[in-house]
Number of protein chains: 2
Amino acid sequence: MADQDIRKAGLKVTVPRLKILELLEKSGERHVSAEDVYRMLLEAGDEIGLATVYRVLTQFETAGLVERHHFEDGYSVFELNRGQHHDHIICIFCGRVEEFIDETIERQQSKIAQEKGFEIGDHSLTIYGRCKDPDCPNRDKT
Amino acid sequence: MADQDIRKAGLKVTVPRLKILELLEKSGERHVSAEDVYRMLLEAGDEIGLATVYRVLTQFETAGLVERHHFEDGYSVFELNRGQHHDHIICIFCGRVEEFIDETIERQQSKIAQEKGFEIGDHSLTIYGRCKDPDCPNRDKT
DNA sequence: ATGTATGCAAAACATTTGCACCTGG
DNA sequence: CCAGGTGCAAATGTTTTGCATACAT
């Protein structure tokens, strides 16, 4: 449970940390901003400060509990680390995020890093496109 | 020349636009932030406002003259659009940016977009790693 | 001339930090 | 009890905007 995950990360189990981790585990939203987390907790009737949300998410990131992504917006989005690396494809109109894994791409990336004289650490591949979801404001555009 | 490129983009040819585009074309630095451009122009003795740099770079981006990247820092970097798509590999210690193109990856990306029900528009792949450059502060770390 | 572009200062954002108070172990 | 965590407000760094002035055509 969240309780154990926090302890394992070497962090004290406090109310804010527990609430945030539980929200990430239970929410249907996999990719959320700090503001999102803050708002969702307030709406759920919890008391929390936005600064704490940022601090906790950063600690979780350092501990490897969550991953931080930047996507080409002006803010960070966080997602629970489920242990399995994956990349993202995002609709530039509705912001819908889908995940995928592609072995061929993974292999090519290692190859390129080696050719360029880099030790590969982390990488992130994001494809931007227009999704065909009927709810997507996509249709307003050409 | 820069003159024509600006006109072709449907923009009036003004001194700030010309200075900025020339700087991008002539500078050895391919990936620069708005601040970088601002500072470089001031150092070159030109008069310009930071707000103008941001406005012009945004217009250039819209016009397709430059590309804006986010990389996992807190600011945007711009690069002249040389017409040839490419991806980036970045050292997380010294910030060195290398460019590459990989047909295999390009093909896989189209395939994935199709599978996920997206029309691929733009995409960006960034690999983060540690470079082996002797000047890289890399060596201070494990 | 005249609509657009610029520069400055102020605003807007997302995120971080200082500090007095509270809390978990 | 006490190191560490929290909330608030203020600071930060980047990017945007309002407005009076200056410029390109």
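As a basis for the values below, the full set of heavy atoms in this structure was taken, side chains included, without hydrogen atoms, waters or symmetry mates. Residue numbers start from 1 in every chain, and the chains themselves are labelled A, B, ... in the order their sequence lines are given, proteins ahead of strands.
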Identify each atom pair where a protein N or O and an N or O of nucleotides 17-22 of chain D are less than 3.5 Å apart, giving names and distance.
{"residue": "D:dG18", "atom": "O6", "partner": "B:Arg55", "partner atom": "NH1", "Å": "3.4"}

Notebook entry, point to check: Above 12 or not: heavy atoms from other molecules or residues under 6.0 Å from CD of B:Glu72?
Noted result: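 Count over threshold, so yes.
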
Check: Side chain of A:Lys116, backbone of B:Glu99: donor and acceptor closer than 3.5 Å?
Finding: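 Yes, A:Lys116 side chain to B:Glu99 backbone: donor-acceptor pair under 3.5 Å.
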
Next item on the list: Return the 5'-most residue of the pair A:Val53, B:Thr58 with respect to DNA chain D, ranking by each residue's nearest nucleotide.
Entry: A:Val53

Would you compute the distance between atom [atom1] of [X] and atom [atom2] of [Y] and round it to the nearest 0.5 angstrom?
X	Y	atom1	atom2	value
B:Ile92	A:Glu119	CD1	CD	9.5 Å
B:Arg96	B:Ile90	CZ	CD1	11.5 Å
A:Glu67	A:Ser76	CD	OG	13.0 Å
A:Leu125	A:His85	CG	NE2	8.0 Å
B:Ile120	B:Ile112	CD1	CD1	8.5 Å

Next item on the list: Quickly work out the A:Ile20 CD1 to D:dG7 C1' distance and round it to whole Å.
Entry: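 Atom-to-atom, A:Ile20 to D:dG7, this comes out as 13 Å.
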
Check: Between D:dT15 atom C1' and B:Glu35 atom CD, what is the distance in whole Å?
Finding: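 Taking CD of B:Glu35 and C1' of D:dT15, I get 10 Å after rounding.
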
Please name all residues satisfying salt bridge (Lys or Arg N to Asp or Glu O under 4.0 Å) with [X], sequence neighbours left out, ordered by chain then number.
X	result
A:Glu79	A:Arg82
A:Arg107	none
B:Asp5	B:Lys8

Next item on the list: Residues of residues 4-19 of chain B with any non-hydrogen atom less than 4.0 angstrom from an atom of DNA chain C: list those, numerically ordered, please.
Entry: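 B:Lys12, B:Thr14, B:Pro16, B:Arg17 - these, ordered by number, are the residues of the stretch whose heavy atoms sit under 4.0 Å from the strand.
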
Notebook entry, point to check: Which residues in residues 61-80 of chain A have at least one heavy atom lying under 4.0 Å from any atom of DNA chain C?
Noted result: A:Gly74, A:Tyr75, A:Ser76

Check: Taking only residues at least two apart or on different chains, which pairs with a member in residues 15-25 of chain A satisfy side chain to side chain donor-acceptor pair (under 3.5 Å)?
Finding: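 For residues 15-25 of chain A: A:Arg17-A:Gln59, A:Lys19-A:Asp46.
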
Next item on the list: Sequence neighbours left out, what passes side chain to side chain contact (heavy atoms under 4.5 Å, CB included) with A:Ser33? Give chain and number order.
Entry: A:Glu35, A:Asp36, A:Tyr75

Next item on the list: Not counting sequence neighbours, list each pair that qualifies as a ring pair (Phe, Tyr, Trp, His ring centres under 6.0 Å) and has a residue in residues 49-69 of chain B.
Entry: B:His69-B:Phe71, B:His69-B:His88

Note to self: Ignoring hydrogens, what is the shortest heavy-atom contact between B:Val37 and B:Leu23? Give both atom names and the distance.
What the structure shows: O-CD1, 4.3 Å

Next item on the list: Could you tell me, to 10°, how much the axis swings from one end of the helix from C:dA1-D:dT25 to C:dG25-D:dC1 to the other, five pairs per end?
Entry: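 Rounded value for the end-axis angle: 30°.
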
Checklist line | Boundaries of the DNA chain C segment in contact with chain A, non-hydrogen, under 4.0 Å | finding: C:dA14 to C:dG25

Note to self: Please enumerate all residues that pass side-chain hydrogen bond (donor to acceptor under 3.5 Å, both in side chains) together with A:Asp3, with sequence neighbours excluded.
What the structure shows: A:Arg7

Next item on the list: Determine the contact category for A:Glu47: base if any of its heavy atoms lies under 4.0 Å from a base atom, sugar-phosphate if only primed atoms, P, OP1 or OP2 are that close, otherwise nothing.
Entry: sugar-phosphate

